[in-house]
Amino acid sequence: MKPPSRSELIAHMVRTGIAGHVDTPRQGNLRHYRRLAERDPYHMFGLTFARTWSYADILALMAKRCGVVADPGHESGVDTIDPDRTADALEALADRMARAARDRERVMVATGHPVNLHATYRGFARALERSGCPVVTAGEGFSYATDTGHLPGERVLVWRDGVGMVTDAEGEPRHSHHPFAMEAALEDLRRRGEPWPQLVIADHGFAGAAGEAGISAVGFADCNDPALFLAEDEGKLHATVPLDDGYSTEDYRPLSAYVLHRAGLAG
C-alpha cells in the first residue's frame, strides 16, 4: 500500500482507536500500574529496574511517554494514547531498522499478540531479511506451564514465518506476557555457540527479556502494559511504541507501511 504521511498516519490511528481515545479501559490501566509497583512478575515482563517505581511514578511516566491521562483522580472510563508519541516511536523503530539493514545485523522478531500482530512483525522480518539481515530463530519446542494470564496451561515456543510466538498444547497461538520463551531462545543460542541477535523487535515478555539481556530492542506496548516504558526510561529498550494492541491485522498496515518507507525497506 502507499505509505501515509505522518499526518495521515496520525489521522488513521485516531480514527481506528489505535491511538487517541482507546478502548483499553482506564481502570485496567491503573490496576496494572499498581501491580507493577508491587513487582508482580506477570507485569514485569522479565525486567528488573534500577529505581524503585511507585504507583505515582508509573502513572506520571505513562502520561509522559504514552500519553495516558495524568490526573490520578481519573479512575475509570476512557484513557488515551498520544498519537504523536506513537508516530515518534515508529520513526525511532524505522531508523533503527534502517541501521540494522545497512549493517546487516542479526535480528529476531517475536510477539505475545500472535493473532493481532503476527502479520506486522512478519512484514518487518521479511523486509530486513531482503536487505541481508539474518533472521534468527532458536529454542523451537521449548515449553512451560502457566497458571496466569489468558487460558492457563502449557505453552510451546514456535516460529512461524520467522516470528516467535507461543501456542497451547494443541498448536493454537496464545497471548502471552511471559519472558520465558525469549529467555529460552537466547539460552539455546548460547548453548549452541551462536551469536545473539543484535536487534529484537517484539512485545510483552519477548521484548522485556531481550532488553534485560542487554540486546537492542524495540517493543510495542499498550497503555495497560507499563513495564516496557519503564525499561525504555532506564535505557534497557531502544524505544517503546505506544498503541492499542487489540486491533485487526488490516488496521496496522498503514503503521507498517510508514515504518518500512521511512526505513528505506518498502517493496
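What you are looking at is a predicted structure, and each value in this text was computed from that prediction instead of being measured. Heavy-atom basis, side chains included; hydrogens, waters and symmetry copies ignored.
- Ion pairing between a basic and an acidic side chain is recognised when a charged N comes within 4.0 Å of a carboxylate O; E129 and R126 show no such pairing.
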Could you walk me through whether M44 and L36 pass side-chain contact (heavy atoms from CB on, under 4.5 Å), step by step?
CA-CA 6 Å; M44 292 183 69; L36 183 59; 3.6 Å; yes

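- In this structure a side-chain-to-backbone donor-acceptor pair under 3.5 Å is present from N116 to Y247.
- In terms of the salt bridge (charged side-chain N to carboxylate O under 4.0 Å, His left out) criterion, R160 has no residue partners (sequence neighbours excluded).
- By the 4.0 Å N-to-carboxylate-O rule, R192 lies close enough to E194 to be salt-bridged with it.
- Counting only residues at least two apart or on different chains, the ring pair (Phe, Tyr, Trp, His ring centres under 6.0 Å) pairs with a member in residues 10-34 are H32-H43.
- Sorted by first then second residue, the salt bridge (Lys or Arg N to Asp or Glu O under 4.0 Å) pairs that include residues 11-29, not counting sequence neighbours, are R26-D79.
- Judged by a 6.0 Å distance limit and a 45° cone about the ring axis, R155 is not positioned over the six-membered ring of Y144.
- Side-chain polar atoms of Y258 and E91 form a donor-acceptor pair below 3.5 angstrom.
- Of the residues V158, L157, V156, the one that meets the side chain to side chain contact (heavy atoms under 4.5 Å, CB included) test with E140 is V158.
- Residue pairs that meet the salt bridge (Lys or Arg N to Asp or Glu O under 4.0 Å) test with at least one member in residues 36-51, sequence neighbours left out, are R51-D57.
- Between V69 and L59, the shortest heavy-atom contact is O-CD1, 3.7 Å.
- Using modelled atom types and a 3.5 Å distance limit, the side chains of S216 and Q198 yield no donor-acceptor pair.
- For E105, the salt bridge (charged side-chain N to carboxylate O under 4.0 Å, His left out) test picks out R96, with sequence neighbours left out.
- The backbone N or O of A19 sits nowhere less than 3.5 Å from a side-chain atom of D244 that would complete a donor-acceptor pair.
- Taking NZ of K64 as the start and CZ of R85 as the end, the distance is 9.5 Å to the nearest 0.5 Å.
- Evaluation of the salt bridge (charged side-chain N to carboxylate O under 4.0 Å, His left out) rule for D88 yields R6 as partners, not counting sequence neighbours.
- Judged as a side chain to side chain donor-acceptor pair (under 3.5 Å), and not counting sequence neighbours, D103 has no contacts.
- Checked against salt bridge (charged side-chain N to carboxylate O under 4.0 Å, His left out), R106 has no partners two or more places apart in sequence or in another chain.
- Donor-acceptor pairing under 3.5 Å is recorded for the side chains of T111 and D203.
- Each ring pair (Phe, Tyr, Trp, His ring centres under 6.0 Å) pair with one or both residues in residues 61-115, not counting sequence neighbours, appears once here: H113-H175, H113-H204.
- Sequence neighbours left out, the pairs with a member in residues 206-241 that pass ring pair (Phe, Tyr, Trp, His ring centres under 6.0 Å) are Y121-F220.
- Residues passing the side chain to side chain donor-acceptor pair (under 3.5 Å) test with T120: none are found, sequence neighbours excluded.
- Take E170 and apply the side chain to side chain donor-acceptor pair (under 3.5 Å) test, not counting sequence neighbours, and it matches no residue.
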